[in-house]
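Everything on this sheet refers to the single structure shown next.
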Protein chains: 2
Amino acid sequence: MAVDPLSRVFSALADPTRRDMVARLAAGDATLNELAAPYGVTVQAVSKHLRVLEDAGLVSRSRDAQRRPAHLEAAVLDLATGWLERYRRAAEERYRRLDDLLARLPDDIDPIPPARPEEGASR
Amino acid sequence: MAVDPLSRVFSALADPTRRDMVARLAAGDATLNELAAPYGVTVQAVSKHLRVLEDAGLVSRSRDAQRRPAHLEAAVLDLATGWLERYRRAAEERYRRLDDLLARLPDDIDPIPPARPEEGASR
DNA sequence: ACCGTTGTCAACCATCTGGTTGATGACAGT
DNA sequence: ACTGTCATCAACCAGATGGTTGACAACGGT
């Protein structure tokens, strides 16, 4: 184990059941049994899902007698959003600056080898 | 098989190697061998990663003789960002509206039972 | 016509994952 | 002191995942 935080977050959100749980927690805290109700699986399975979300830092759990209400920690969502935004913006920027199009110059304009100018081997 | 698009995207991004590839593709298209260079794995393994990204719609590949340059499709990143933003905002909104804090009213102000008003026992 | 480069396909392997059943712990009520 | 509810732990299982090796197809250059 000891996986990086970002992987844990993305991995946690890669499951539709887990995403659905997050969606419901966004509307308010909920206990395990409340969360488990809608899905056709055992409460144990949902407990595992909850554990995954917890390990990813997406939910925290408090104590109320034998109940352990789950609470969405929205801050971690920003971690993922931050990553996504960064590269979305980079790609967009690259597109805007037309590097892309320059690399695909129609060859009938100029006989200059349009393929890699000097992309040696490293980088 | 036949997994929903959002799961595929998050799942694809759950691997650090794959995220790194996305990061590099954000800077410009690259071939399989170029992508494989930095990692201590075989080219076949990277090919599989690329396939996963492709299936998630995150990259497209064109044809240039025997080369198949990979190109980042930033639009799909928006799919993920959109989902994240939605629930981050929902949670934030809930927090801002103080529903949260109301639910945790200090008991020394009011003896009204702060716990679930009518959550019987049924269900 | 050959060779080297680029990439894919297939089989195999170890581990992770999402689910199950069954047993058990920790409480609140009565 | 019981009983019922909420939740966790443990063992197990089938299928997905990330990696390997080995063979092979497709193409450009000489």
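Lettering of chains follows the sequences in order, A, B, ..., and the numbering in each one begins at 1. The structure presented is a predicted model; accordingly, all values stated were derived computationally and were not measured.
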**OP:** Between D:dT8, D:dA11, C:dG7, spot the one nearest the side chain of A:K48, thanks.
**Re:** D:dA11

Original post:
Of A:S11 and A:V41, whose closest DNA chain C nucleotide lies nearer the 5' terminus?
Top reply: A:S11

**OP:** Find the distance B:H49:NE2 to C:dG7:C1' and express it as a whole number of Å.
**Re:** 16 Å

**OP:** Provide, to the nearest angstrom, the distance between the CG atom belonging to A:D64 and the C1' atom belonging to D:dT5.
**Re:** 13 Å

Subject >> For atom CD of B:E34 and atom C1' of C:dT5, their distance in whole Å >> reply: 13 Å

Original post:
Which atom names give the shortest non-hydrogen contact between A:M21 and A:Y39, and what distance separates them?
Top reply: N-OH, 3.7 Å

Subject >> Distance below 4.0 Å between A:N33 side-chain N/O and D:dA7 OP1 or OP2 >> reply: yes

Original post:
Among the nucleotides D:dT8, C:dG18, C:dT8, which one has an atom lying closest to any side-chain atom of A:D15?
Top reply: C:dG18

Original post:
Starting at CZ of A:R51 and ending at P of C:dC16, how long is that distance when rounded to a whole Å?
Top reply: 16 Å

Original post:
A:L50 or B:T17: which one's nearest nucleotide on DNA chain D is closer to the 5' end?
Top reply: A:L50

**OP:** Starting at atom CZ of A:F10, determine the distance to atom P of C:dT17, rounded to an integer number of angstrom.
**Re:** 17 Å

**OP:** Could you list the residues that satisfy side chain to side chain donor-acceptor pair (under 3.5 Å) with A:R61, not counting sequence neighbours?
**Re:** none

Subject >> Contacts of type salt bridge (Lys or Arg N to Asp or Glu O under 4.0 Å), residue A:R89, not counting sequence neighbours >> reply: A:E85

**OP:** Mind calculating the distance between CZ (B:R19) and P (D:dG18) to the nearest angstrom?
**Re:** 12 Å

Original post:
Which part of the nucleic acid, if any, lies within contact of A:V43, taking any heavy atom under 4.0 Å across all strands shown: a base, the sugar-phosphate backbone alone, or nothing?
Top reply: base

**OP:** Write down the distance between CD (A:E54) and P (D:dC9), rounded to a whole number of angstrom.
**Re:** 10 Å

Original post:
Which letters describe nucleotides 21-30 of chain D, given B = protein heavy atom under 4.0 Å from base, S = only from sugar-phosphate, - = neither?
Top reply: BB----BS--

Subject >> B:R61 side-chain N/O to C:dT6 phosphate OP1/OP2 under 4.0 Å >> reply: no

**OP:** Starting from C1' on D:dT17, measure out to CG on B:D55 and report it in whole angstrom.
**Re:** 13 Å

Original post:
Counting only side-chain N and O atoms of B:S47, is one of them less than 4.0 Å from OP1 or OP2 of C:dG7?
Top reply: no

Subject >> Single-linkage hydrophobic cluster B:L6~B:V3, side-chain heavy atoms < 4.5 angstrom >> reply: no

Subject >> A:P5: side chain to side chain contact (heavy atoms under 4.5 Å, CB included) partners, not counting sequence neighbours >> reply: A:L79

Using residues 45-60 of chain A as the side-chain source, report each donor-acceptor pair under 3.5 Å to any protein atom, sequence neighbours left out, with the distance given to one decimal.
residue: A:H49; atom: ND1; partner: A:R18; partner atom: NH1; Å: 3.1
residue: A:S60; atom: OG; partner: A:E73; partner atom: OE2; Å: 2.8

**OP:** With sequence neighbours left out, write down each residue that passes side chain to side chain donor-acceptor pair (under 3.5 Å) with A:D78, or none if nothing qualifies.
**Re:** B:R88

